[in-house]
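All figures in this text were calculated on a predicted structure; none of them were measured in a lab. All values below come from the heavy atoms of this structure, side chains included, with hydrogens, waters and symmetry mates left out.
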Amino acid sequence: GFIISLGFAEWTSRNYPSISFYFIHTRMWELLAGSILAYLEITFGRKSKYKSLNSLFTISGILLIIFSFIYFDHKTFHPSILTILPVIGVSLIIWFSEKQEIITKLLSSKFFVKIGLISYSLYLWHYPVFAFARLKLSTIDLNILTILFLLLLTVLLSILSYFFVEIPFRKKASFNKTL
């Protein structure tokens, strides 16, 4: 399933980019990567016995993610075979990072936990906010201040969505389970 989905992602992203981005058959491999990681952890345990090896894998994961940020651009097909680099990077960090390492402390900080709480809303709001801005403003008007304003607006809408949609929906869903 993993290889087939990744193959679909590679082919579809080159031929039908919108379908590739939004359809599950081209994104399934990303979800399966998490399942494979969970299987490996259950089967073989969380980490290597060697602390230096754990650190090496964690640093490699960080470097793969940084590489993706630096070298991927609007011309990079996504999802595609290249998308495997940040997915492997995240998997390495999840599996090999130690509790006392700076990356674990950073990602466990209140700031990142709160970003994680609104991440789904961020995902849902960012595209319409920026798409609307591109439609209403020319590309010349999208300067750094406008982009910062749009980011702030996206975060604000995400926070509102989290508190007024996600939390009440979750409470209602858990209430319905008890009935």
Side-chain angles (χ1 to χ4, degrees), residues 2 5-14 16-24 26-38 47 53-134 137 139-159 161-162:
F2 182 91
S5 177
L6 183 57
F8 272 131
E10 179 66 24
W11 182 81
T12 311
S13 67
R14 294 177 186 280
Y16 306 99
S18 291
I19 289 174
S20 186
F21 186 80
Y22 291 109
F23 280 54
I24 190 71
T26 59
R27 304 304 291 266
M28 182 76 66
W29 70 271
E30 294 173 81
L31 299 170
L32 287 172
S35 300
I36 291 167
L37 182 64
K47 302 174 186 348
L53 193 58
N54 291 333
S55 294
L56 177 67
F57 283 133
T58 302
I59 291 168
S60 298
I62 294 166
L63 292 175
L64 284 170
I65 293 169
I66 291 170
F67 174 85
S68 303
F69 271 110
I70 294 171
Y71 290 103
F72 289 10
D73 60 15
H74 67 281
K75 295 176 190 169
T76 306
F77 292 112
H78 175 73
S80 70
I81 194 78
L82 289 176
T83 311
I84 205 164
L85 296 176
V87 171
I88 289 173
V90 168
S91 298
L92 288 171
I93 292 170
I94 290 170
W95 199 3
F96 290 103
S97 63
E98 301 281 347
K99 193 172 189 173
Q100 68 277 10
E101 287 180 355
I102 192 160
I103 187 70
T104 306
K105 289 180 180 180
L106 179 68
L107 293 175
S108 301
S109 68
K110 287 183 181 184
F111 174 77
F112 279 106
V113 169
K114 289 181 181 185
I115 292 294
L117 290 173
I118 64 167
S119 64
Y120 186 66
S121 292
L122 282 169
Y123 171 73
L124 293 177
W125 277 112
H126 87 280
Y127 194 82
V129 167
F130 280 86
F132 183 75
R134 275 192 302 275
L137 303 171
T139 54
I140 297 168
D141 292 336
L142 284 178
N143 58 36
I144 190 70
L145 288 176
T146 305
I147 292 170
L148 287 173
F149 172 76
L150 294 172
L151 284 171
L152 183 63
L153 178 62
T154 303
V155 170
L156 179 63
L157 290 169
S158 299
I159 291 169
S161 293
Y162 176 74

Give me the atom names and distance for the closest heavy-atom approach of Thr26 to Pro79.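 Minimum heavy-atom contact is O-CG, 3.7 Å.
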How many angstroms lie between atom [atom1] of [X] and atom [atom2] of [Y], to the nearest 0.5 angstrom?
X	Y	atom1	atom2	result
Leu53	Phe96	CG	CZ	6.5 Å
Ile115	Ser158	CD1	OG	9.0 Å
Leu85	Ile66	CG	CD1	13.5 Å
Leu64	Ile84	CG	CD1	10.5 Å
Asp73	Ser68	CG	OG	12.0 Å
Ser18	Phe23	OG	CZ	9.5 Å

Student check: side-chain heavy atoms of [X] and [Y] closer than 4.5 Å:
X	Y	value
Ser20	Phe77	no
Thr58	Thr104	no
Val87	Trp29	yes
Phe112	Leu106	yes
Phe72	Pro86	yes
Phe149	Leu145	no
Phe130	Leu151	yes

Could you tell me if Thr83 and His78 have a donor-acceptor pair between their side chains, going purely by distance under 3.5 Å?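 Thr83 and His78 do have a side-chain donor-acceptor pair below 3.5 Å.
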Checking Ser108 side chain against Lys105 main chain: does a donor-acceptor pair fall under 3.5 Å?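 No; judged by distance alone, with no hydrogens or angles, the pair does not exist.
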Heavy-atom count check: over 12 atoms from other residues, nucleotides or ligands less than 6.0 Å from Ile102 CD1?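 At most 12 heavy atoms, drawn from other residues, nucleotides or ligands, come within 6.0 Å of this atom.
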May I ask you to check whether over 12 heavy atoms, not counting those of Phe132, lie within 6.0 Å of atom CZ?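 Atom CZ in Phe132 is not packed in, count stays at 12 or less.
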In a check of side-chain contact (heavy atoms from CB on, under 4.5 Å) between Ile93 and each of Ile88, Leu107, Ile59, which one passes?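 Checked Ile88, Leu107, Ile59 against Ile93; only one passes side-chain contact (heavy atoms from CB on, under 4.5 Å): Leu107.
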Hey, which of Val155, Leu156, Leu157, Ile159 is the one that makes side-chain contact (heavy atoms from CB on, under 4.5 Å) with Trp125?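 Of Val155, Leu156, Leu157, Ile159, side-chain contact (heavy atoms from CB on, under 4.5 Å) with Trp125 is met by Leu157 alone.
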